Amino acid sequence: MSDKITIAVSKGRIFDEALPLLAKIDVIPKDDPQNSRKLILETNKNNVQILVIRATDVPTYVERGAAELGIAGKDVLLEYQGDGFYEPIDLGIAKCKMMLAGLKGVKKEITRPRIATKYTNITQNYFSNFGKQVEIIKLYGSMELAPILGLADQIVDLVDTGKTLEANGLVPYERIADISSRLIVNKASMKLKSTAIKSFIEKLSDVIEVAE
Ligand code: PRT
Ligand code: MG
């Protein structure tokens with residue numbers, strides 16, 4: 001039972017929504033994560049620590065066993081396309097939608113539209129599924145600017161309230177996927193540290209069922 005468990009989590013909305021869930025299973029960071037600059041947070045459980053890393057790095061840490069567990073958005077997991085981890089629980093937090101969007105009032109059939117996105121794999125798969133050719137333009141943020149400046153015809157991005165789209169004169173065209181954050185588990189750790197990890201997963205699933 002004293003097997004060390006490291007959980008990789010990204011700062012920001014996932015961390016904010018994951019903390020109350022972890023508190024429900026009595027895992028509480030010793031330092032206040034809002035104020036601490038530590039990248040490794042010890043918790044009240046001496047065998048559990050939390051790594052604070054970039055959202056897109058979570059699958060890499062878990063697949064390679066640098067962390068046994070991770071919490072990552074389904075957007076990041078779909079884009080990563082790895083298979084070195086299990087995905088046992090939908091935590092139901094940091095929910096949003098992956099949308100195809102574009103300028104208001106100008107949706108027209110374009111033979112080979114230019115799509116700006118940081119989700120190039122998801123976008124490519126989405127259009128390949130119905131045999132549509134697109135030109136993908138990789139951006140790392142502020143995708144909403146691309147159609148305004150004529151850099152792209154449409155964008156693929158996450159939408160929560162829709163306010164960011166609206167503020168930039170864009171509208172959603174199609175929903176590509178419903179997104180929420182998932183618990184992921186390194187495959188080898190599931191076997192090697194099975195008692196500690198299975199008990200962690202069970203406790204977490206119980207509090208999530210209660211929350212729903
Ligand atoms: O910020 P950083 O570059 O470090 O990394 P990150 O942007 O990947 O992290 P973060 O914390 O911004 O997002 C982490 C995860 O939160 C994502 O991977 C999603 O799984 C989830 N999530 C849930 C969201 C949103 N909702 C969301 N609305 N991530 C981003 N957004 C952005 C969206 O990209 C757009 O710019 O919020 C804007 C739209 O919000 P609305 O409410 O105006 O529609
Ligand atoms: Mg961000």
Side-chain angles (χ1 to χ4, degrees), residues 1-80 82-98 141 158-161 163-164 177-212:
M1 266 311 276
S2 65
D3 279 338
K4 189 109 185 148
I5 294 183
T6 301
I7 313 168
V9 186
S10 59
K11 219 165 186 166
R13 70 189 92 210
I14 292 186
F15 205 100
D16 296 344
E17 294 189 41
L19 273 185
L21 284 183
L22 292 173
K24 280 189 188 159
I25 62 167
D26 195 33
V27 171
I28 297 159
K30 281 184 181 165
D31 293 295
D32 176 1
Q34 302 296 351
N35 300 323
S36 174
R37 286 166 189 243
K38 288 184 182 168
L39 300 176
I40 302 179
L41 300 175
E42 298 300 328
T43 71
N44 60 330
K45 296 273 183 288
N46 58 19
N47 67 325
V48 181
Q49 60 180 19
I50 298 173
L51 293 188
V52 183
I53 59 177
R54 290 292 296 263
T56 41
D57 291 335
V58 171
T60 308
Y61 274 71
V62 175
E63 181 164 47
R64 293 173 173 270
E68 286 76 28
L69 302 176
I71 298 178
K74 186 68 183 174
D75 52 315
V76 168
L77 299 176
L78 287 169
E79 186 64 22
Y80 185 74
D83 66 351
F85 43 78
Y86 299 115
E87 197 187 301
I89 318 178
D90 182 347
L91 297 171
I93 59 171
K95 285 185 176 174
C96 58
K97 294 178 181 65
M98 176 86 58
L158 299 176
V159 178
D160 178 16
T161 61
K163 285 182 182 160
T164 306
D178 288 322
I179 303 295
S180 56
S181 293
R182 315 296 163 104
L183 182 77
I184 58 172
V185 185
N186 173 268
K187 282 189 173 170
S189 308
M190 189 75 123
K191 291 197 192 83
L192 297 172
K193 300 186 176 181
S194 80
T195 314
I197 288 181
K198 280 180 187 157
S199 132
F200 187 95
I201 294 174
E202 248 163 56
K203 284 189 208 151
L204 203 52
S205 333
D206 286 350
V207 298
I208 282 150
E209 273 159 27
V210 171
E212 274 169 4

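What you see is a predicted model, and the numbers here were worked out from it, not measured in a lab. Scope of the values below: all heavy atoms of this structure, side chains included, with no hydrogens, waters or symmetry mates.
For residues 36-49, the set of pairs meeting the salt bridge (Lys or Arg N to Asp or Glu O under 4.0 Å) definition, not counting sequence neighbours, comprises Asp26-Lys45, Asp31-Lys38. Residue pairs satisfying the salt bridge (Lys or Arg N to Asp or Glu O under 4.0 Å) criterion with at least one member in residues 14-23, sequence neighbours excluded, are absent.
Atom CD1 of Ile14 is separated from atom CG of Leu91 by 9.0 Å, given to the nearest 0.5 angstrom. Here the CG-CG distance, from Leu51 to Leu39, works out to 8.5 Å after rounding to the nearest 0.5 Å. Here NZ of Lys74 is found 11.0 Å from CE of Met98. Values are rounded to the nearest 0.5 Å. With rounding to the nearest 0.5 angstrom, the CD1 atom of Ile50 is 6.5 Å from the CG atom of Leu19. Taking CD of Gln49 as the start and CD1 of Ile7 as the end, the distance is 9.5 Å to the nearest 0.5 Å. One finds the CZ atom of Arg182 at 10.0 Å from the CG atom of Asp75 (value rounded to the nearest 0.5 Å).
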Worksheet entry | Worked verdict on Thr60 versus Tyr80 for side chain to side chain contact (heavy atoms under 4.5 Å, CB included) | CA-CA 9 Å; Thr60 308; Tyr80 185 74; 3.5 Å; yes
Practice prompt. Take Leu158 and Ile179 through the side chain to side chain contact (heavy atoms under 4.5 Å, CB included) test and state the conclusion after the steps.
Written response: CA-CA 8 Å; Leu158 299 176; Ile179 303 295; 4.0 Å; yes
Worksheet item: Please walk me through it: do Ile28 and Thr43 pass side chain to side chain contact (heavy atoms under 4.5 Å, CB included)?
Response: CA-CA 5 Å; Ile28 297 159; Thr43 71; 5.9 Å; no
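When all heavy atoms are compared, the tightest approach of Lys4 to Asn46 is NZ-O, 3.5 Å. Nearest heavy-atom pair, Met190 versus Ile197, reported as atom, atom and distance to 0.1 Å: SD-CG2, 3.8 Å. The shortest non-hydrogen separation linking Pro59 to Leu77 is CG-CD2, 4.1 Å. Nearest heavy atom pair, residue Gly92 against residue Ser180, reads CA-CB, 4.3 Å. Between Ser36 and Leu41, the shortest heavy-atom contact is OG-CD2, 3.9 Å. Looking at every heavy atom in both residues, Leu21 comes nearest to Leu204 through O-CD1, 4.3 Å.
A heavy-atom distance below 4.5 Å is found between the side chains of Ile208 and Ile89.
Taking a 6.0 Å sphere around NZ of Lys95, one finds it holds 12 or fewer heavy atoms contributed by other residues, nucleotides or ligands. For CZ of Phe200, the number of neighbouring non-hydrogen atoms (other residues, nucleotides, ligands) closer than 6.0 Å is greater than 12.
A distance-only check finds no donor-acceptor pair linking the side chain of Lys24 to the backbone of Lys203 [under 3.5 Å]. Under a 3.5 Å cut-off, the side chain of Glu63 and the backbone N or O of Phe85 do not form any donor-acceptor pair. Remark: the backbone N or O of Ile201 is paired with a side-chain donor or acceptor of Ser205 at under 3.5 angstrom.
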